[in-house]
Protein chains: 2
Amino acid sequence: MADTPEPAEPSLDEQIAAYQREFQGLDPQVERVVSALSRLNRRMHVAYGRQTAELGISNGEWEVLKALVLAGAPYRLGPGDLAKRLGLTPAAMTHRIDRMVAEGLVTRERDENNRVRVIVGVTEEGRAKWLEGLRMATVFEEDLLQDLSSEERGQLGAMLTRLLRRVEEAQPDAGGRLNDLD
Amino acid sequence: MADTPEPAEPSLDEQIAAYQREFQGLDPQVERVVSALSRLNRRMHVAYGRQTAELGISNGEWEVLKALVLAGAPYRLGPGDLAKRLGLTPAAMTHRIDRMVAEGLVTRERDENNRVRVIVGVTEEGRAKWLEGLRMATVFEEDLLQDLSSEERGQLGAMLTRLLRRVEEAQPDAGGRLNDLD
DNA sequence: CTTGAAGACTTCAACCCTAAACTTCGAAGC
DNA sequence: GCTTCGAAGTTTAGGGTTGAAGTCTTCAAG
């Protein structure tokens, strides 16, 4: 026996080594940063998914609640605006709002002054679920950064902000479509 | 006029300010790191999507090619192993392989010694597309990190690796399902 | 007016993923 | 050998998203 390599996801170090092996001329420093970013996000996404599942909602639904609350009083936005903030198509927004209205998380009404427009607002239950989700996320995030000193956290945040600024300049548009994240 | 707030995605700073406004007791340092991570990943995902689209394949298909190549010679893996590495369900892997076989990117054959097993291999075209995609990704990634000195890149990579280690210890399993990323 | 054009949202068809049931082959146990 | 259990893939049903086409309202001309 001891012949089958036992299937498993390669570690970050193994992956970087594999890159060096299969393609010369790749900067390992760059590759480490990029691969770590991707893996981190995947893990974060999974963690958030488990938490929102506890609330009986999906990750994407929580994102809608977040966008509405962070928009500030009176906590109302149109589907189109929401779609832009979440990086979704208007069609997806329509369906998602359908579900959330049915679940009692948000309300949908037509604008009185402009009947083409629709206004989405948060219900009490929606706001409560957002808050509970935020609390759970905070616990996870604090734990994630636990090993870093306050100074290191500052440095990390500053560097990531610089990276973000650079991509945002290169991609001036809203950033294209994508499920949830953020 | 000058009454409608003109829909737009809030900037990172605006979002952090909104968090402080709507929920006291949140650490802005933590929030900055986490939000920047999510936004960065979304932008990266969009960028990769555009690049793979140029190759006439999807992001997910490129991930399969990458996994096969990084597995090392003889560049063959079973669907189950692939699914684990990509964080997909076996069912999704079956369909994705179907498409990729039809497009001539990979081959699917039954294992001679064990006819339950299936072996997926890369074709010449598949390997070429992986390489071309890698070249494009490298350009993007170098540009992304351009503003950081080599020392800063090292620090960033080291800190991200520490974060990743922490989540991976907390989530020992393969990390759950999720589209592509990584 | 009323006609044309643009904007906001919805509807429809197609695609890809997940979860669960199903099929098939291989390895043990008796 | 025959039976049973387990592992590997595939199939099916259902959710959620995209892209394109369609509907309805508003606004500005003519």
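In this text the structure is predicted, and so the values were computed from the model without any measurement. Every chain is numbered from 1, with letters handed out A, B, ... down the list of sequences.
- When each of A:Val116 and A:Met93 is assigned the nucleotide of DNA chain D bearing its nearest heavy atom, the one mapping closer to the 5' terminus is A:Met93.
- For B:Thr89, the side-chain atoms get nearest to C:dA19 when compared with the rest of C:dA19, C:dC9, D:dA20.
- Between B:Arg115 and C:dC25, a side-chain N or O to OP1/OP2 separation shorter than 4.0 Å is absent.
- One atom, CD1 of A:Ile97, and another, P of C:dA8, lie 14 Å apart when rounded to the nearest Å.
- A straight line from CD of B:Glu109 to C1' of D:dA8 spans 16 Å, rounded to a whole angstrom.
- The side chain of B:Val118 sits closest to D:dT10 out of D:dT10, D:dT18, C:dG26.
- Contact annotation: A:Arg99 reaches the phosphate of D:dG16 (side-chain N/O to OP1 or OP2, under 4.0 Å).
- Heavy atoms only, all atoms of each residue included: B:Arg115 and B:Arg110 are closest at O-NE, 2.9 Å.
- Summary of the strand contacts: A:Asn114 and A:Ala92 both lie near DNA chain D, and taking for each the nucleotide with the nearest heavy atom, the more 5' one is attributed to A:Ala92.
- Between the CG atom of B:Leu88 and the C1' atom of D:dT10 there is a distance of 15 Å, given to the nearest Å.
- OP1 and OP2 of C:dC16 both lie 4.0 Å or more from every side-chain N or O belonging to B:Arg96.
- A donor-acceptor contact shorter than 3.5 Å is absent between the side chain of A:Thr52 and the backbone of A:Trp62.
- Shown are B:Arg43, B:Glu63, B:Glu141; of these, the side-chain hydrogen bond (donor to acceptor under 3.5 Å, both in side chains) with B:Tyr48 is made only by B:Glu141.
- Contact annotation: A:Arg117 side-chain N/O to C:dT10 OP1/OP2 distance is not under 4.0 Å.
- In this entry the distance linking CZ of A:Arg110 with C1' of C:dT10 reads 10 Å, nearest Å.
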Before you tell me yes or no, could you show the steps for A:Ile119 and A:Arg108 under side-chain contact (heavy atoms from CB on, under 4.5 Å), namely the whole-Å CA-CA distance, both residues' side-chain angles and the distance that decides it to 0.1 Å?
CA-CA 6 Å; A:Ile119 300 181; A:Arg108 168 158 48 185; over 6 Å; no
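- Residue A:His95 contributes atom NE2, which lies 15 Å from atom P of C:dC9 at whole-angstrom precision.
- Separating the CG atom of B:Leu82 from the P atom of D:dT10 is a distance of 11 Å, rounded to the nearest angstrom.
- Between B:Leu163 and A:Leu144, the shortest heavy-atom distance links the atoms O-CD1, 3.8 Å.
- Checking D:dT25, D:dT12, C:dT10 against every side-chain atom of A:Pro90, the shortest atom distance belongs to C:dT10.
- Distance, A:Asp111 CG to D:dC24 C1': 15 Å, rounded to whole Å.
- In this entry the distance linking CG of B:Leu86 with P of C:dC16 reads 15 Å, nearest Å.
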